[in-house]
Amino acid sequence: MTLHDLDRSYKGAALDVLCAAFHHYPVTRYVIGEGDPEYGDKLRELIGFFVEGRLTRDVPLIGLYHADELLGAAVVSPPHEIPVPRELAEYHAQAERRLGRDAMARFGRYNEACEATDPGHLAHYLGMIGVRPDSQGRGLGRQLIDAVKDRARSDPEFTGITLHT
C-alpha cells in the first residue's frame, strides 16, 4: 500500500471511491433525500462539491493505493481559511441547482448541527474518509487516519483534527 497526494487528475477515481464508501451513509441519504430516484447522480454531485472545494484551493486529497488501484481517500482541510475562488463559487452554485433546494436546506441543517460542536479553535478538518467497500476491514482506514494525523502534525498551525460523523 502506498499513500499519494491526489490532485485534480485523480478526481474521478477519488469520487468513485468516496461514492462507493458513502453510498449507504445516513447523512448523505438524509441530505439527498431517502428514495430519490437520482440518488447515485446526486451523491456524486454532493461528494464532488466537497472534493472540488479542496482541489480548487490547491489542497490535495490523500489517496491510498495498492498497485495502481485507488482503494481509499481522505478529504482534509487545513486549519486556516483559504479564500473561495470565483470558479469555486460558480461550481457550488451549479451543484446546488443540481441537488435541489430541499437537499441544500437539509445540508444547511446538518451544517448547523455540526457547527454547534465546533471546538472553538482552528483545527484541521477531516471532511471525508472512505475505503472501497470490497477493501474494508483490512486496516486501510487506519492507514489513512495515520496519514492525516502525520500531515496535520507537520503543519506549524497544528492544533488538532476535527471531524463530524
Side-chain angles (χ1 to χ4, degrees), residues 2-23 25 27-28 30-32 41-65 70-101 103-132 140-141 143-165:
T2 56
L3 293 161
H4 297 281
D5 282 354
L6 306 179
D7 61 19
R8 181 165 305 286
S9 65
Y10 297 93
K11 181 179 177 181
L15 286 176
D16 291 345
V17 166
L18 293 170
C19 286
F22 282 84
H23 187 81
Y25 186 56
V27 172
T28 56
Y30 166 73
V31 168
I32 294 168
D41 291 336
K42 288 184 177 181
L43 176 67
R44 194 166 184 90
E45 189 73 41
L46 180 64
I47 292 174
F49 182 84
F50 299 121
V51 168
E52 191 65 29
R54 281 30 171 229
L55 294 176
T56 302
R57 293 177 173 121
D58 293 323
V59 177
L61 283 63
I62 301 172
L64 182 63
Y65 276 86
L70 183 64
L71 301 181
V75 178
V76 185
S77 297
H80 56 276
E81 279 294 317
I82 301 174
V84 177
R86 189 186 79 233
E87 63 268 20
L88 181 58
E90 292 168 3
Y91 180 91
H92 282 184
Q94 184 179 45
E96 288 176 6
R97 283 191 299 277
R98 290 180 184 151
L99 290 168
R101 179 174 283 142
M104 293 313 295
R106 287 187 293 271
F107 181 66
R109 287 191 294 275
Y110 171 73
N111 272 341
E112 288 172 8
C114 290
E115 288 173 7
T117 65
D118 186 322
H121 59 83
L122 292 177
H124 286 75
Y125 176 64
L126 177 55
M128 300 186 92
I129 184 169
V131 173
R132 293 179 90 75
L140 304 180
Q143 289 181 50
L144 283 166
I145 294 269
D146 290 344
V148 169
K149 288 171 27 181
D150 290 345
R151 176 158 307 161
R153 286 183 182 131
S154 71
D155 186 331
E157 296 182 57
F158 177 73
T159 60
I161 301 169
T162 62
L163 69 114
H164 296 108
T165 186

Pairs meeting criterion side-chain hydrogen bond (donor to acceptor under 3.5 Å, both in side chains) with involvement of residues 103-116, two or more places apart: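 side-chain hydrogen bond (donor to acceptor under 3.5 Å, both in side chains) check on residues 103-116 returns Tyr30-Arg109.
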Salt bridge (Lys or Arg N to Asp or Glu O under 4.0 Å) with [X]: which residues, sequence neighbours excluded?
X: Arg101; result: none
X: Arg98; result: Glu45
X: Asp5; result: Arg151
X: Asp7; result: none

Closest non-hydrogen atom pair between [X] and [Y], with its separation:
X: Val17; Y: Ala73; answer: CG1-N, 4.1 Å
X: Ile129; Y: Leu144; answer: CD1-CB, 3.5 Å
X: Ala14; Y: Leu61; answer: CB-CD2, 3.9 Å
X: Ile62; Y: Ala147; answer: CG2-CB, 4.2 Å
X: Gly160; Y: Ala123; answer: O-CB, 3.4 Å
X: Leu6; Y: Leu55; answer: O-CD2, 3.7 Å

Sequence neighbours left out, what passes side-chain hydrogen bond (donor to acceptor under 3.5 Å, both in side chains) with Tyr25? Give chain and number order.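 Tyr25 satisfies side-chain hydrogen bond (donor to acceptor under 3.5 Å, both in side chains) with Thr165 only.
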Under the side-chain hydrogen bond (donor to acceptor under 3.5 Å, both in side chains) rule, collect the residues that match up with Asp16, sequence neighbours excluded.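 Counting only residues at least two positions away or on another chain, Asp16 forms a side-chain hydrogen bond (donor to acceptor under 3.5 Å, both in side chains) with Arg44.
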Using side-chain heavy atoms (C-beta onward) and a distance below 4.5 Å, is Lys149 in contact with Ile161?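 A side-chain contact exists here, since the closest heavy-atom pair is under 4.5 Å.
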Supply the atom-to-atom distance [X] [atom1] to [Y] [atom2], rounded to the nearest 0.5 angstrom.
X: Met104; Y: His92; atom1: CE; atom2: NE2; value: 8.5 Å
X: Thr2; Y: Leu71; atom1: OG1; atom2: CG; value: 9.0 Å
X: Leu46; Y: Asp41; atom1: CG; atom2: CG; value: 12.5 Å
X: His23; Y: Leu43; atom1: NE2; atom2: CG; value: 7.0 Å
X: Leu3; Y: Gln143; atom1: CG; atom2: CD; value: 6.5 Å
X: Thr28; Y: Leu18; atom1: OG1; atom2: CG; value: 11.0 Å

Counterpart residues, side-chain contact (heavy atoms from CB on, under 4.5 Å), relative to [X] (two or more places apart):
X: Ala20; answer: Pro133
X: Ser77; answer: Arg54, Tyr125
X: Pro78; answer: Val59, His80, Ile82
X: Glu52; answer: Arg8, Lys11, Thr56, Leu88, Tyr91

Does Tyr10 have more than 12 heavy atoms from other residues, nucleotides or ligands lying within 6.0 Å of its OH?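 Atom OH in Tyr10 is not crowded, with 12 or fewer foreign heavy atoms closer than 6.0 Å.
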Does Phe50 have any ring-ring contact (aromatic ring centres under 6.0 Å, His included) partners at least two apart in sequence or in another chain, and if so, which?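 Testing Phe50 for ring-ring contact (aromatic ring centres under 6.0 Å, His included), a comparison that skips the adjacent residues, returns Phe107.
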